[in-house]
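Indexing begins at 1, ligand by ligand and atom by atom, following the structure's order. These numbers come from the heavy atoms of this one structure, side chains and all, not from hydrogens, waters or symmetry mates. Everything numeric in this text was worked out from a predicted model, so none of it was measured.
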Amino acid sequence: MNEQSTPGARKAILKVERLVKHFPITKGIVMQSQVGAVKAVDDVSFHINEGETLAVVGESGCGKSTTGRLIMRLIEPTSGSIEFDGTDITTLKGREMRMIRRQIQIIFQDPYASLNPRMTVGDIIAEPLEVHGIAHGKEKREKVEALLKVVGLSPWHMVRYPHEFSGGQRQRIGVARALAVNPKLIVCDEPVSALDVSIQAQVVNLLQDLQTQFGLAYMFIAHDLAVVKHIADRVAVMYLGKIVELADKKTLYDTPRHPYTQALLSAIPVPDPSVKTERMLLEGDVPSPINPPSGCRFHTRCPHAKERCKVEDPAFQDIGGGHQVACHFWNEIEVPKAVSAIKAGNASDHYLPRLEAYRKATEKMKAGAAKAV
Ligand SMILES: Nc1ncnc2c1ncn2[C@@H]1O[C@H](COP(=O)(O)OP(=O)(O)OP(=O)(O)O)[C@@H](O)[C@H]1O
């Protein structure tokens, strides 16, 4: 497997090797015994280069957030390794881990739940500056003002409280707080899923601008492939705790090789009514991560499944140019008509006009024209 062979690859800021997280299921109150495990993340390997966006996509419960939390070291892995900027951080503790923690920040799906309602916006953004001893007094205040401007808010928003802001503005506050400690990598855990569609584009634009300005790398977690089309450099598709396909964006959208990726792509609406699409409907529900299916975990829902798929777990293999896929029959399965139709209809490009319109709005806000809240 040659993950580093992505064309134009930069230095990897994050390398994840064979990462596993099994949450134990216990029974008994006094004498607890383990009766099983939720296999939330099961042998996942990937890397993220400096300044790039790796999107991680998949249905609810496939292990996206757990992977993000493992990278942040908010939870301990069952096994596997996480290397950040050349340092193995898998078991790092104390002061050394605190130094690394500054460089990996997170933005959550629900900005309101992640902002302390009793703190002013100024204090929320200043908190990491204090915790990490970065700035105090006048310097701290100036830094908070600068951060507010960078995310398109005004310095006078400092004295306001989170409930006085709209969802999009609250997400900007979360972004400013994450930026305060000059991170190199931000885990964006569904940062736009809770926002109105029009506001989603504003936040996506902002994240893209900040990436250019500060050279940030993003792990961008999302449910569907429509949202990440404009922000991702590479895309990893997860199913039941495993990455089933990973490729640069163009390859993944043009020639998806895993039937699950093909199904996700076919679910993207096409705005052009003259283009006929045919959705690849997946039968059944996602199986339980406590007892995942034998062999290929996707075989119970795969329209191409054969006997081999039921017994043999497919290797996650590089099929060329950094395109990795975990399917025994990837080279026998044709890219379905549904996906070709989506290409013809430029699926999800209905997102583009919104991005443009809101890019202008973001610039206006940055220039200090933010409306009073
Ligand atoms: N602390 C925990 N204890 C036990 N099981 C957990 C825990 N955290 C997550 N899980 C389980 O691990 C699996 C993966 O969850 P995770 O939140 O990572 O998925 P996800 O892809 O991010 O889903 P969503 O998009 O809904 O957030 C799920 O079955 C979830 O119920």
Side-chain angles (χ1 to χ4, degrees), residues 14 16 18-29 32-46 48 53-80 82 104-114 167 171 174 185-195 200 203-204 218-229 231-232 234-246 252 258 260-261 263-265 267-268 282 284-293 297-298 300-301 316 326:
L14 182 83
V16 169
R18 311 211 67 169
L19 197 62
V20 173
K21 179 67 189 178
H22 290 178
F23 292 104
I25 304 169
T26 53
K27 119 173 157 182
I29 297 169
Q32 287 207 335
S33 60
Q34 189 175 335
V35 290
V38 181
K39 299 177 179 83
V41 174
D42 219 4
D43 198 0
V44 155
S45 301
F46 63 90
I48 304 180
T53 301
L54 175 76
V56 180
V57 172
E59 285 163 291
S60 185
C62 69
K64 307 178 297 286
S65 297
T66 303
T67 307
R69 283 158 66 211
L70 287 165
I71 288 163
M72 297 286 302
R73 287 284 317 279
L74 297 174
I75 50 175
E76 297 300 313
T78 306
S79 62
I82 305 162
I104 314 175
Q105 293 293 304
I106 189 161
I107 305 168
F108 294 100
Q109 173 177 0
D110 180 355
Y112 196 54
S114 63
Q171 197 53 287
L185 170 69
I186 300 185
V187 175
C188 305
D189 193 351
E190 308 230 17
V192 297
S193 308
L195 303 175
Q200 286 185 354
V203 174
V204 168
Y218 294 137
M219 174 176 162
F220 194 98
I221 297 171
H223 269 96
D224 66 78
L225 282 161
V227 170
V228 304
K229 192 175 177 202
I231 196 160
R234 291 182 302 130
V235 183
V237 178
M238 278 188 87
Y239 185 78
L240 261 187
K242 288 188 179 286
I243 297 180
V244 294
E245 187 158 15
L246 195 160
L252 191 110
H258 197 286
Y260 181 59
T261 313
L264 286 186
L265 275 171
I268 300 179
L282 291 177
D285 294 328
V286 182
S288 161
I290 299 170
N291 282 311
R297 288 183 182 189
F298 187 58
T300 54
R301 299 172 80 200
F316 188 47

E245/R234 salt bridge by N-O under 4.0 Å criterion: no
field: Within the 4.0 Å heavy-atom sphere of ligand 1, strictly under, residues
entry: F23, V38, A40, E59, S60, G61, C62, G63, K64, S65, T66, R69, E190, H223, P289
- prompt: In chain order, what residues pass the ring pair (Phe, Tyr, Trp, His ring centres under 6.0 Å) check against Y218, with sequence neighbours excluded?
  reply: none
message: Looking at R297 and D42, is any side-chain nitrogen of the basic one under 4.0 Å from a carboxylate oxygen of the acidic one?
response: yes
message: Under the rule for salt bridge (charged side-chain N to carboxylate O under 4.0 Å, His left out), what residues qualify as partners of K242, not counting sequence neighbours?
response: D313
message: With a 6.0 Å cut-off on the ring centroids, do Y239 and H258 count as close?
response: no
- line: Residues passing the salt bridge (charged side-chain N to carboxylate O under 4.0 Å, His left out) test with R73, sequence neighbours excluded, are E76
